[in-house]
Structure formats: C-alpha cells, structure tokens
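What follows is a short report on a single structure.
Computed from a predicted structure; not experimentally measured.
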Number of protein chains: 2
Amino acid sequence: MATGRAGSGRPTIYHVAKEAGVSPSTVSRAMSNPGRVNAATVARVIEAATRLGYRTNPLARALPSGRTDTLALFVSDITNPHFFGVIRGAEHQARAAGCTLIVGDTEESPEVEARNIERLGPSVDGFVIAASRMSDEEITKLSAGHRLVLVSRQVAEVPSVIVDHAEGTRQIVEHLASLGHRSIVFLAGPPRSWLGARRWESLTAAAGRHGVSAQRIGPFPPTLAGGGAAADAALGTGATAAVAHNDLLAIGVLRRCAERGVAVPEDLSVVGYDDIFGADFCSPPLTTLAGQFQESGRTAVDMLLAMRDRHGARPARNQVVLPSHLAIRRSTGPAPR
Amino acid sequence: MATGRAGSGRPTIYHVAKEAGVSPSTVSRAMSNPGRVNAATVARVIEAATRLGYRTNPLARALPSGRTDTLALFVSDITNPHFFGVIRGAEHQARAAGCTLIVGDTEESPEVEARNIERLGPSVDGFVIAASRMSDEEITKLSAGHRLVLVSRQVAEVPSVIVDHAEGTRQIVEHLASLGHRSIVFLAGPPRSWLGARRWESLTAAAGRHGVSAQRIGPFPPTLAGGGAAADAALGTGATAAVAHNDLLAIGVLRRCAERGVAVPEDLSVVGYDDIFGADFCSPPLTTLAGQFQESGRTAVDMLLAMRDRHGARPARNQVVLPSHLAIRRSTGPAPR
DNA sequence: AAAGTTTTGGCAACCGCTTGCCATGCGCTG
DNA sequence: CAGCGCATGGCAAGCGGTTGCCAAAACTTT
C-alpha cells in the first residue's frame, strides 16, 4: 500500500549521524558544504548515507535555507503550442541546473498570475512569466518581492528576454512589399498581449517606410478556430496579404481559405509569427517569423539562476533580445493584380 | 532588489496570532481545520490574517503534515507533442484541485525516472508517469513506496489509465482491409515503449483475423525526422499501407513521400496514432487513432488525488481504459492495384 | 615550550506550521 | 447544586534540515 509519506521510515540525517558516529550537523555539512568538514569524515558520512539509502528531503532543506531549487514557469495559455518551446527550453535548463520546474497556466488572467506568484512565492527560487497579462505597475511591484524574469514582455528594470519584433516585422513587410503587396491587414490577437501590441506597432512603422498601407482588424482569439472568423474578416478588407498575430491564427486562416476556395498565396498571402510545430507541414506551409522560443526559456532560467546565485547583484544582461528570422514558405507569393 | 526570500518579513502565523490576540496554534487551526475552533474566533483570525496580508507558507505546512498539494508528472520526452494533451489535462485538473504541478522530462531513460521519483518523493503527494520506460518490476517496487499512477502503461496492481489500443487498432485494420489493403507494414517506435508493443500485438491479431499480412520494421525514433527513414524502408517492403507508431512518425512519412513523389494515399496509405496537434492540417490530413490524452491526464490526477484522500484505500477504478476512435482523413484510400 | 592560528565537530536555536495532549470553563443532567 | 462531558484554546514537541557560535584539537610560529 503506497504511503511514502512522512514517517515513512525514510532515513534522516539523524540516522546517518548515528550510523557514521558523528553529530547531525556534521552530516548536514558533509552533504551540503563539504569544505567545512574533514575529508575523511565526509567520506565516512557519505558511506553511511549510501549504506542507509539516505536521500536529503528537499522540503526540510528548503525551510531554513529558503532555497528550494525549484523554479516556476507560468504561461498565459498552456493550450497554445507556441509556449511548448518555452516550456521545453526552461525545463531543460532547469534540469541541467539541478532544479525542478513547476509549470502553470494562468489562463490569460492577470489575477491568476498575481495570485499564483503570491501563493508559490516561498516554494520557489524564482518565476519565469511568459506573455504576462499583468500591467507594468503590477509587474514592477511584484518584482520587488520576488525574483521574476519576463519572457515575451518588457518592463523597465525587470529582467526579460524577448524575441526581436521590430527587425523581424520589418523583414515581413519587406518580403511582402517586394512581392508587390500594397495593402496588408493585421489580424490582432488578445487585447492584453504586449507582444501583439508591439507587433502591430512595428508593422505600421515598417509599412509606412515601404509605402504600404496597413490596417488592423480583430481582436481574434489566437487559436485555430479564431482563424476562421479572421479569414472571413480579412477577405472582406480587400487586402492582399494578411499578417496574423500568431501561427495558430494563421493556420486557422489557411484552413478557412481552403474551405472557401480562396487560393493561398494566389489570392491572399498569409504570414504568421512564432514558427510553431506544424507551421512547416500545414498546407501550404506557412511563411512565419521564427523566434527562438526554446532559447527564450533557457535564457530566462539562466537569468533567474544567476540572480539567485549572485544574490541580488543586478545581472549583466538584464534585457535580452533574441534574434528572429523570417522563414519564407509557400503561404506568401506575388500580390494578385 | 528582489529578495522575497526567507526572513523577507512575510507575516507568519505568529504575527497573525499576536494581531488576533490568540495563540499560534489557534491560528493554524482556524486556517486549516476551522471546525476545531469557535466560529467567532475563526472570524477574528481570518480578519487579522487578511489585514496583515498573511499567506500560508506551503513549505512549512508540508513539512510536518507530509502533505504538499503538489503533484509531479513525468513524460518520457517533453519534445513529443503527444504529451501536450496529457500535460494540459493534468495541469488543469491539478489546478482545479488546488494543487501545483511539476512537469519533468525523463528523456526516455528508466534511470532518470527512478531517480526523479526518489528525489522528489517527499516534495509531492504523488506521481503521474506517462509512458514509463521502467520495467514492470521496478514500477511495482516504486509503487510500494510512492503514490504512482501510470499513463499509457499497465502493470498489474498499479493504478493506470490507458487509451484503448486493441479495439482501436482493430478499427484501423478493418478500415484498411475494407479499402482492399492486403499487406500492412508497421513502423515501430522506441523498443522500450510498452504502448508500441501493445499496438503491434493488436495489429498482428487484427490482421490475422482479416487475412491481412502484417510485418514490422524499425525501430525508428518517433519523430518527424525518423519518418524519413521509415518512409524509405516502408516503400521497400511493397506493403500498400503503413501504420506508424505515432503521428509524429506518420507525418514524417508523409513529408518524405511528398519529397519522393510518392502519392498518399494513391500509392501508399498512412495511418498514425494519437491525433496530435497538426494531424488534421498536414498534407494530406492524417488518418489516425484519436485517443483522449487530455482526459488521460485529468483522470490520472483524479486517481492520484483519490488515493491520497482516501488514504490507502484501493481506488474504485484502478485500471482505467479510455475509448479511442479512428479519425479517418485523407491519408488513407483504396489500395493500389 | 608557550602562545597564537586554524581546523574540525558539536550544541542548540531556529525555519513556519501541525497536532497530541491538557486545562479551563461552560452547559447540561439528575 | 454537585457532577460530568464537551467545546475551546494553549503548550510544547516535533517535521528534517541549516547555521552561528563555541570549544577542543591539531598545527604553526616565535
């Protein structure tokens, strides 16, 4: 009968201490601060520990030391494949550093974010918040009481890692302009998305420079299903190219176009953001701005760990911007005449 | 400067106790066992707590009580989109139950699985292990010392939830047979995969009943890239239909076929397992056995929680089998003559 | 050889919360 | 009105580690 719970006879440092003929504090030191103890004693302790099958209890260790070797990652919507890259990267890096990763879904809600941070605060060494929906003020406030690293979001003074949007979006517009497109429609995502706002901002700027007109419609839920409505709305605008908030939406547009007999890219070019799983094998394969999101997760975890270990000292690189590149595939083509 | 660490001035039950004019133990009871305390006192304590912004420290609570309200989920390869369903389902259900979820990648390694369980044992209330690569014996042994629920794996006496394979595979074979296929090739996945073994088992059984010949080739890594080699090998066998270990592999096959100018389904029918994200918009859309993996995650968490709360009493449903259904799409068609 | 350093290990006080046990005081029964 | 039981709150001992401080031991240094 599975118990494994407290009092489960799992050996403690006290058992090891008796077995090795030393005091518990020596065992503790031997395990976590070997420099402080004579090498021979350490060896004896280690030997006793392995003999007994001792494993240190992370909880008990964390309580007095305040160090949990656990990191939390919150994503705004765990349903969105975009975040899988971030999750993977973070998980991988955390594991490499001997840390455990907690993954949470905040369901697009700033309240859930704040509540979770408050709740988990003492249990983790820090938080990675991807695509936070909280306000700048709230983030700043929370970052005063907790170690926080933002992903896909920038707030002054708060460490963050984002994928370059300005340059990437410029490439999208250039690509489209060179194909003869003169009218672009942007399919907006969630209203609270900082990233979405930046993408639109960059798009209008770049469009202006290239003499291309850009309009925004939406918001649409950033999902495959949302792409249906987005496609219909986009087709109504007369634009020859649609730039979607993200790939999910873009692929949804692709599907809706296929249903309606609208040829992509002959009738409409479609561009997405993120290069998610599937973007290269949907039909037609999607032209999209590929960001290194796995790298984002990794970097964010690194920064968090650095903050923890350098204990308060401001990290060297506080606001990281990762490069992006345009993956040109078959969903974009010459503008219809 | 973000600290938020121990000694961070976060109020404790002692502060609340003083504020409310009661003893710490009363505060503790008021928070976690209100029946034991006079209602008026509880109200006073609650009020003091909110006034101070008190939040209970999960670590400190877990240490003496042995209850962490945290669950761990391990997947054999976090890179595989198949698991995203499980992760989502588990995360969602855990959150609904007020639990925190730890997600870990065991990298197809039984050792990593065992080590992680050992390490995290005291920090969690139980484990969900998806597609465990451990041996039956090892699982049985571990399940004696920890609360364990298996997903996509069955071991006698250990709680588990799987998606039906026998019936589903029968449907695949029937579908193929009715399209005139007489020779099927199974593209095997990882050698240690229990699920893979069951699928192949069911396939030969069903094929036998329908007078269809079935052969197995592989193993192939269950990835898109693995599909390239698998496709080439499959085409060499002369079979008219390929059933892949999973959708990742199947989509890889689709891509390779497209590259080689092999028409799907005209020259070769392709079937996958899992109905992952993308299976419905790849080209051609993939016929696949859809399982309710999100439901698997949810159910597994439910079982775990039930085990914890009914404290050792054997769960009512110990080995859950979820239904599957064949999603027939365009990657299968009549056998070439 | 005496005095001064450094190592090394033990003591005991925590970290913040839970819980078994006891003392109090009240309401009730007879 | 004595006697009893129960609801209520406090005390204190943990849970399994960490760590500041001190004393003994082992080395150096004059």
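- Judged by distance alone, with hydrogens and angles left aside, A:Y14 brings a side-chain donor or acceptor within reach of the base of D:dG17, the pair sitting under 3.5 Å.
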If you apply the rule side chain to side chain donor-acceptor pair (under 3.5 Å), what do you find for A:E157 with A:T140, and how did you get there?
CA-CA 8 Å; A:E157 298 299 302; A:T140 306; over 6 Å; no

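- Remark: side-chain polar atoms of A:T41 are not paired, donor with acceptor, to backbone N or O of A:V37 under 3.5 angstrom.
- Counting to the nearest Å, the C1' atom of D:dC15 and the CZ atom of A:R10 are 14 Å from each other.
- Residue pairs meeting the salt bridge (charged side-chain N to carboxylate O under 4.0 Å, His left out) criterion with at least one member in residues 80-98 of chain A, sequence neighbours excluded, are A:E91-A:R95, A:R95-B:D105, A:R95-B:E107.
- Atom pair A:M31:CE and D:dG16:C1' shows a separation of 13 Å (rounding to whole Å applied).
- The side chain of B:S23 has D:dC11 as its nearest neighbour among D:dC11, C:dC17, C:dG10.
- In the region residues 33-41 of chain A, proximity to DNA chain D at under 4.0 angstrom, judged on heavy atoms, holds for A:R36.
- In this model, the phosphate group of C:dT18 is approached by a side-chain N or O of B:S28 to a distance below 4.0 Å at OP1 or OP2.
- Contact annotation: A:T26 side-chain N/O to C:dG10 OP1/OP2 distance is under 4.0 Å.
- If you measure from atom CD1 of A:I13 to atom P of C:dC15, you get 17 Å, rounded to the nearest angstrom.
- B:S32 has a side-chain polar atom (N or O) that falls below the 4.0 Å cut-off from OP1 or OP2 of C:dT18.
- Within the structure, the salt bridge (charged side-chain N to carboxylate O under 4.0 Å, His left out) test picks out the following pairs touching residues 44-64 of chain A (sequence neighbours left out): A:E19-A:R51, A:E47-A:R51.
- For the pair B:R153 and B:D136, the salt-bridge criterion is met [side-chain N within less than 4.0 Å of a carboxylate O].
- Defining each end axis of the helix from C:dA1-D:dT30 to C:dG30-D:dC1 as the rotation carrying four pairs' C1' atoms onto the next four, with five pairs an end, the two axes are found to diverge by 40° to 10 degrees.
- The CZ atom of B:R29 sits 9 Å away from the P atom of C:dG20 (whole-angstrom rounding).
- Ring orientation note: the planes of B:F84 and A:F84 are close to parallel, at an angle under 30° on the 30°/60° scale.
- Backbone-only engagement by B:V22 is indicated by non-hydrogen atom pairs under 4.0 Å involving sugar-phosphate atoms exclusively.
- Using a 30° and 60° split on the angle between ring planes, A:F127 and A:H146 fall in the perpendicular class, above 60°.
- In this structure, the salt bridge (Lys or Arg N to Asp or Glu O under 4.0 Å) partners of A:E295, at least two apart in sequence or on a different chain, are A:R298.
- For D:dG9, the OP1/OP2 oxygens have no side-chain nitrogen or oxygen of B:S25 closer than 4.0 Å.
- We find that CG of A:L63 is positioned 14 Å from P of D:dC15, with the value rounded to whole Å.
- Residues B:S152 and B:F293 share a closest heavy-atom pair of OG-CE2, 4.2 Å.
- Of the residues in residues 50-61 of chain A, not one comes within less than 4.0 Å of DNA chain C through any heavy atom.
- Here A:M307 contributes atom CE and A:S143 contributes atom OG; the two are 7.5 Å apart, rounded to the nearest 0.5 Å.
- The side chain to side chain contact (heavy atoms under 4.5 Å, CB included) test with A:I102 is passed by exactly one of A:L120, A:L73, A:N116: A:L120.
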